[in-house]
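The first residue of the sequence shown is numbered 1, and numbering continues consecutively from there. Being a predicted model, the structure only gives us computed values, none of them experimental.
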Amino acid sequence: MSRGTKPRQDIADMLRAGATYRHIQQQLHVSPNCIALTRKTLDIPLPSPRRRNRISPARRQAVINMINTGTATAEIIRRSGLSKTTIGRIRRNLRTQGARP
């Protein structure tokens, strides 16, 4: 696109339908720059940020119990199906609440 090519209509259609950059890249085999230039040229706004899914209280408590019993992070990931980042966030919240040193 940077060499005078025109914005692609297929990219614009997917952007307007709410597709993510990653999805567009996988489907159309284009670069993020190509997507961004199409979006900017055609004045297509960025989609609103996605929100994290909430963890059920029971699932969160199960993770907290595993953390408190000293279960390794890899084992918590395997048992709970949550990401390392989510488990780290729960650990950090426990530390800031004073529940765990």
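- Residues passing the salt bridge (Lys or Arg N to Asp or Glu O under 4.0 Å) test with R92, sequence neighbours excluded: none.
- Pairing each heavy atom of I24 with each of A19, the nearest pair is CG1-CB, 3.8 Å.
- Residues meeting the salt bridge (Lys or Arg N to Asp or Glu O under 4.0 Å) test with R22, sequence neighbours left out: none.
- Residues R79 and T71 have side chains that never bring a donor and an acceptor to within less than 3.5 angstrom of each other.
- The two residues L46 and Y21 make their nearest non-hydrogen contact at CD2-OH, 4.4 Å.
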Checklist entry - Given T73 and R91, is the side-chain contact (heavy atoms from CB on, under 4.5 Å) satisfied, shown in steps? => result CA-CA 10 Å; T73 301; R91 282 185 195 274; 3.0 Å; yes
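- Taking every heavy atom of both residues into account, L42 and A12 meet most closely at CD1-CB, 3.5 Å.
- Counting only heavy atoms from C-beta outward, the side chains of I90 and I55 approach each other to under 4.5 Å.
- Put simply, CD1 on I64 and OG1 on T69 are 12.0 Å apart, with the number rounded to the nearest 0.5 Å.
- Residue K84 holds its NZ atom at 12.0 Å from CD1 of I76, rounded to the nearest 0.5 Å.
- Using a 4.5 Å heavy-atom cutoff, the side chains of L82 and R59 are in contact.
- With rounding to the nearest 0.5 Å, the separation of CD1 in I44 from CE in M14 is 12.0 Å.
- Put simply, CZ on R8 and OG1 on T41 are 13.5 Å apart, with the number rounded to the nearest 0.5 Å.
- A donor-acceptor contact shorter than 3.5 Å links the side chain of T96 to the backbone of N93.
- Rounded to the nearest 0.5 angstrom, D10 CG and L28 CG are separated by 5.0 Å.
- Atom CD of Q27 and atom CD1 of I11 lie 12.5 Å apart (nearest 0.5 Å).
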